[in-house]
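Reminder, nothing fancy here: chain letters follow the sequence lines and each chain counts from 1. Note: hydrogens, waters and symmetry copies are ignored here, and every other heavy atom, side chains too, is used.
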Amino acid sequence: MGNTTRDKYSYYVEQKALDVTDRPRKFLEAFAAVLEHGNYGVALETYTRLSTKCGRCASSCQLYEDTREERDIPCQRSELLMRIYRRYFTQLGILKARFSRAFILTDEYLDTMADEFYRCTACRRCKSSCPLGIDHGLITHLARYILSEIDVIPKALLVATREQLEGVGNTSAIPVPALKDTCEFLEEELEELYGVNITFPFDVEGAEFVFFPAVSDYLLEADTLMGNAAVMHVTGGSWTIGTGNYDGINYGLFYSDRMMERIVNNVIKEVHRLDGSKVLVGECGHATRSAWYVPTFGGPDAPPVVNCLQYAHEMLMAGRIPLKKEKIKERVTYHDPCNIARTGRITEEPREILKAICEDFVEMTPNRTENYCCGGGGGTVSIDEIREIRTGPLGKRKADQIRATGAHYVVSPCANCKKQLREVCEDNDLEEVRVVGLHDLLLEVIDFGVPKPGEGDEASESEAAGEEE
Amino acid sequence: MTFDILLQWLRGPVFWAGLAFMVLGLGRHVAITVWGIIRSYRRAGDKTIPTRQVVSATLRWLFLTQGLKNRLLYGLNTLIFHISIILVPIFLAGHIALWERGIGLSWPALPNGLSTALTIIAVIAAVTIVIQRVVFRESRRLSRFQDFVMPLIVAIPFATGFLVMHPAWNPFSHQFMLFLHVLSGDLLFFLIPITKLSHMVLLPGTQIVSELAWHFPSESGSRVGEALGKANEPI
């Protein structure tokens, strides 16, 4: 699969993307199939009729605010796809083409689309500023889907998905023995650092929760995973990691509904195999949003989906997570991952947890449903070769927001946001800021009821003194 | 004399044809949208709709309050524009009198002073909307020809209507101005369903339409794969 190229687009694609012939016809065939079998038709029909080109969306797009390039106005980008729809899929467009020199879909036009739709992070912030309710994130999603059918897919996303569906079984190509080794190591770390014996349970049949983090957490986010395990431990939660499928990542959301459906179905299959009852998603925005599609593809018997933030929040509020007296002292701010916050589905739970465990929690502005994307949304964070635009025009606004808070910790419960925010901080003179997951901090303040190794007697003495008071 | 005959014609058959064209055209849009919504909902694998959110977004935009959040001046101007152009044609005493004479229906009218004020506001707002469209770099870059022209076309019946009602300001004959007024009004009836003016009926549905597009049919992906002969193709 080493045959890749960056000759044409800002990102690498596999050579096969350049070998496709007769692309306009194939694109239109794919477009027709997607319209027939999906629910996009009525949206496109409505959007193409009522778009007023007011340009309000521009004022909410962080990319346009920085580049000021016409092509970065959300409405302008969406028009690329809407023009094709209008010309080839509406009666008026077909009629007009008979009597006048109409727009014709060409290879060059498709190449423009290929570049433009991967400059957008599909964060959907602009939707709330469109008077006509046009969802430009939806158009980006759809355009990328149809482009993928003529093999225009960033190599980084394609290779990971191939590994997940046809290779080792997960996007980071971690084999089961390596996964188990990692978890053993994490167990030892927990013992060593916190003096507590916590296990990462594998293939427990009948467990309530089957755990699906972003699989990259096993390589990169040890503290987040230890936090997840610690919360399950102190709350006595019944959970398991399935060795048949332990990856919540779903790049299908970023480029293909076909892939998305297959990946979600594999999640459902694993929960059924283990006779589990719920999907527990780790700290990952897009994995959560994809998992919310479990009822779509799984039908009435689909297992319910719970994000680990919702679980931790519920347990904390019920008083089932014992906390130390000392809170996190440094200033903490929270970045809302678009995929869980934009629709308002998960915005308050993480804040309530943070307020309970931090002395100095500050908001960045704007936040919640109005937040700015980290700059790496829509899978762009995985495309290393476009880092310059991600941390530059796309990430600058986020860097300014973080700087304005003066926070030491930026908390974001999303694997993609964390990777991107670290790069944003590196490239924007914010080296002193630490980007962490929410469970990383939670782990620091959970009271396991045993003295922390090394602090031993002193700690327990002071605690005892505190209790007497 | 000629204007009299033309006016009779514009106020009679052309008016009714225009009204019918508009009602049928908009009715077609509504039918297509409602049918699309029902079909999408039926096919959706997950039928849980965040109703509160959809309704709230719809109402916020229907009453343009959300529009004041960024670009305040532009938002205010469009708000005033919409209020004026919706109220005046329907609630002008003179128009209601015509309806009563024609089909015997009447309803409460706006005071004449208020109608006049709103008419002037509508014209000014239309012109400034075009100016704002030109001044704002983003909207200027996006705009098509119709985007610049449409507010002005909408303003013509208001400007001419004002002159009909205020002969002292009218440089032309009353008949001629009335002719222009009715002509431009009739023209709008024909334009509404086939231009972006159709947003008057499409806007209430746009939020639910957007929401439903994300509610995929349960096998939409695999069906597309089969349709394209890619079901078993390696990734």
Short side-chain donor-acceptor distance under 3.5 Å, A/Tyr293 and A/Asp257: no

Using heavy-atom distances under 4.5 Å, tell me whether [X] contacts chain B through its side chain, its backbone, both, or neither.
| X | answer |
| --- | --- |
| A/Leu132 | both |
| A/Ser256 | neither |
| A/Lys16 | side chain |
| A/Arg71 | neither |
| A/Thr48 | neither |
| A/Arg68 | both |
| A/Cys57 | neither |
| A/Glu69 | backbone |
| A/Glu36 | backbone |
| A/Gln76 | both |

Considering only heavy atoms, which portion of [X] lies under 4.5 Å from any heavy atom of chain A: side chain, backbone, both, or neither?
| X | result |
| --- | --- |
| B/Arg133 | side chain |
| B/Pro234 | both |
| B/Leu228 | side chain |
| B/Ser222 | both |
| B/Ala227 | side chain |
| B/Lys230 | both |
| B/Phe136 | neither |

Of all heavy-atom pairs between [X] and [Y], which one has the smallest distance, and what is that distance?
| X | Y | result |
| --- | --- | --- |
| A/Ser78 | A/His136 | OG-ND1, 2.6 Å |
| A/Val305 | A/Ala291 | CG2-O, 3.2 Å |
| A/Arg23 | A/Val152 | NH1-CG2, 3.8 Å |
| B/Glu219 | A/Glu261 | C-OE1, 3.6 Å |
| A/Glu149 | A/Ala30 | CB-CB, 3.6 Å |
| B/Trp107 | B/Ile96 | O-CD1, 3.2 Å |

B/Phe15 and B/Trp99 aromatic ring geometry - parallel, tilted or perpendicular at 30°/60° bounds: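 Perpendicular: the ring planes of B/Trp99 and B/Phe15 meet at over 60°.
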
Count the heavy-atom pairs under 4.5 Å between each of [options] and chain B, then report the option with the highest count.
| options | result |
| --- | --- |
| A/Leu142, A/Thr296, A/Leu44, A/Leu158 | A/Thr296 |
| A/Arg56, A/Lys127, A/His141, A/Met259 | A/Arg56 |
| A/Gly298, A/Pro295, A/Pro131 | A/Pro131 |
| A/Ser60, A/Ser128, A/Ala32 | A/Ser128 |
| A/Gly38, A/Ala43, A/Ala33, A/Ala58 | A/Gly38 |

Within the supplied structure, the quantity of interest is the number of heavy atoms (other residues, nucleotides, ligands) at a distance under 6.0 Å from A/Glu166 CD; does it exceed 12? yes

Find the one option among B/Gly225, B/Ser210, B/Gly36 whose heavy-atom pairs under 4.5 Å with chain A are most numerous.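 Going by pairs under 4.5 Å, I would pick B/Ser210.
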
Counting heavy-atom pairs under 4.5 Å with chain A, which one of B/Glu226, B/Arg71, B/Met200, B/Glu211 comes out on top?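 Looking at each option in turn, the highest pair count goes to B/Arg71.
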
B/Phe21 ring center near B/Phe189 ring center (under 6.0 Å):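 No.
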
Aromatic ring centroids of A/Tyr255 and A/Tyr145 under 6.0 Å?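 Between A/Tyr145 and A/Tyr255, which both carry aromatic rings, the centre distance is not below 6.0 Å.
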
Reported CG-to-OG distance for the pair B/Leu191 and B/Ser198, which is rounded to 0.5 angstrom: 11.0 Å

Set out, in order, the CA-CA distance, both residues' side-chain angles and the distance that settles side chain to side chain donor-acceptor pair (under 3.5 Å) for B/Arg60 and B/Ser56, then state yes or no. CA-CA 6 Å; B/Arg60 269 181 287 138; B/Ser56 133; 3.1 Å; yes

Pair A/Tyr64, A/Glu70 - check side chain to side chain donor-acceptor pair (under 3.5 Å), show working. CA-CA 8 Å; A/Tyr64 177 77; A/Glu70 191 174 344; over 6 Å; no

